[in-house]
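A, B, ... follow the sequence lines: proteins, then strands. Residue 1 opens every chain.
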Amino acid sequence: VIFVALSGALAFLLLLAWRDELALERDWNALIHATPAQAAYEHVRKTLLLEQRAVDFTWGRAAEEEAAGRREEALRLLAVGYEYLSGVTGDRLRLLRRLRLYSRMVSGIAPLPRFRRRLFVLQHGFRALLSIDQSDQQPGRFRVLTEDTCSALRTLLEATERAG
Amino acid sequence: VSWDQVLSTNANAIMLIATLAGLVLRDRVRLCGTFAFYLVLAFTGNRLALLWPELFWNYDWWRAKENAYSIVSMLIVVEIAILTFAAAPRARNVTLALVAGVLFLTLVAIVDGPLQQEYWVRFGVMEPHGKAGSIWLFVVLLAAANYFRVPLHPLHRSIVLGFVLYRSVWAWLLAVLAQERMAAYPFVSALDGAAYLSTTSLWCAAGWRPQAATALTPAAHARLRPWE
């Protein structure tokens with residue numbers, strides 16, 4: 001019993017230490033003053049699609065250089081593209097982490113069925129993206145994951161709007 | 001009743017009444033009505049035990065008093081949960097269901113306790129069951145607030161922190177009493193008085209403290225804390 005009581009007290013203190021009340025309050029400000037779902041969605045989607053186009057463009061140019069026999073230039077473009085892809089993949093993972101935290105707040109108000117599972121699959125997909133061997137598959141997979149991220153974002157924003 | 005018990009009982013009475021005065025004068029009773037009720041109850045119990053020790057300084061009275069405090073502290077958890085999750089009804093329902101689950105387990109542990117055992121074992125084993133259960137009620141409340149990322153009001157934070165710290169020390173002291181019997185009583189009594197005084201001092205500071213800084217906008221504040 002003593003162990004149960006003291007472990008409870010320890011768990012309580014750890015939970016309390018992890019809390020940042022001001023940060024939580026700022027997150028609630030963001031939730032309550034959220035931009036209307038459609039506008040917020042369009043804004044983020046535009047940014048994500050621009051990044052998607054940059055990835056497609058780099059890989060497309062690399063393929064053209066390869067076809068023209070300029071293998072060195074093709075490899076240089078692929079290296080640049082890979083570096084850019086790593087950067088935007090990191091951004092996507094950060095965005096998904098934020099959506100995960102935000103979804104916990106929204107789920108306290110309105111139901112969000114299987115949303116966190118969807119985010120988990122997306123996070124796993126983005127992490128796996130950089131480790132695949134065939135680099136020609138990366139832009140295609142990145143496009144699918146980006147579209148799914150947009151769709152998850154839309155679901156969350158709509159739920160936020162419904163929650164009022 | 002020894003002189004050190006008189007001293008710590010009086011000191012605790014002063015802190016309890018000072019906390020209540022702080023809540024009333026700062027218009028904070030409405031932030032947790034059950035806590036104000038607990039303060040009145042604890043102060044009354046404190047005075048009765050010291051003013052009429054022949055009637056109220058005994059195990060049966062102590063037991064009745066502790067049971068009443070435990071019931072009120074459970075009501076405090078429920079009230080804080082309802083207030084904290086005012087803007088998040090699903091989170092509130094989940095939290096209250098978890099609180100009910102912990103309450104049920106605590107009751108099972110108490111009923112299953114050593115009812116037929118000798119006095120000190122009963123005293124030292126059954127009481128910590130109740131205290132451990134009430135600590136976990138506060139853990140569940142805080143874990144739910146963490147999961148749903150809902151900020152806690154500074155007064156609520158101090159109330160739950162005080163209860164958890166005091167009850168964990170008390171549960172440990174009761175176990176010492178069960179082990180060492182009467183020989184440990186002076187030591188347990190002195191430490192209990194000191195631990196409770198620290199708790200009431202924390203509550204007193206929370207009751208009188210000026211309004212804490214908040215990052216909430218007026219609209220967010222009205223939505224999250226319509227009761228303030």
Using a 4.5 angstrom heavy-atom cutoff, name the option from A:Y102, A:W18, A:F12 with the most pairs to chain B.
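Answer, by heavy-atom pair count under 4.5 Å with chain B: A:F12.
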
Quick one: do B:R149 and A:E25 make a salt bridge, cutoff under 4.0 Å?
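Salt bridge: no.
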
Heavy-atom distances under 4.5 Å only: say whether [X] touches chain B with side chain, backbone, both or neither.
X      : value
A:L101 : both
A:A23  : neither
A:N29  : both
A:S7   : both

Looking at every non-hydrogen atom in both residues, tell me the closest pair between A:R26 and B:A215 and how far apart they are.
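What the structure gives for the nearest pair is CG-CB, 3.9 Å.
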
State, yes or no, whether a side-chain contact exists between B:Y147 and A:R104 at a heavy-atom distance under 4.5 Å.
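Touching, per the 4.5 Å side-chain cut-off.
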
Check whether any side-chain heavy atom of A:L22 sits under 4.5 Å from a side-chain heavy atom of B:T214, and report yes or no.
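Counting from C-beta outward, A:L22 and B:T214 never come under 4.5 Å.
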
Is it the backbone or the side chain of B:A145 that comes under 4.5 Å from a heavy atom of chain A, or both, or neither?
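Both backbone and side chain.
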
Against chain A, label B:T95 side chain, backbone, both or neither, depending on which of its atoms sit under 4.5 Å from a heavy atom there.
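Neither part; nothing is under 4.5 Å.
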
Residues of residues 135-142 of chain B under 4.5 Å from chain A (heavy atom pairs)?
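B:I135, B:W136, B:F138, B:V139, B:L142, listed by number.
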
Does anything in residues 154-164 of chain B reach chain A? List residues with heavy atoms under 4.5 Å apart, or say none.
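Listed by number: B:R157, B:V160, B:L161, B:V164.
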
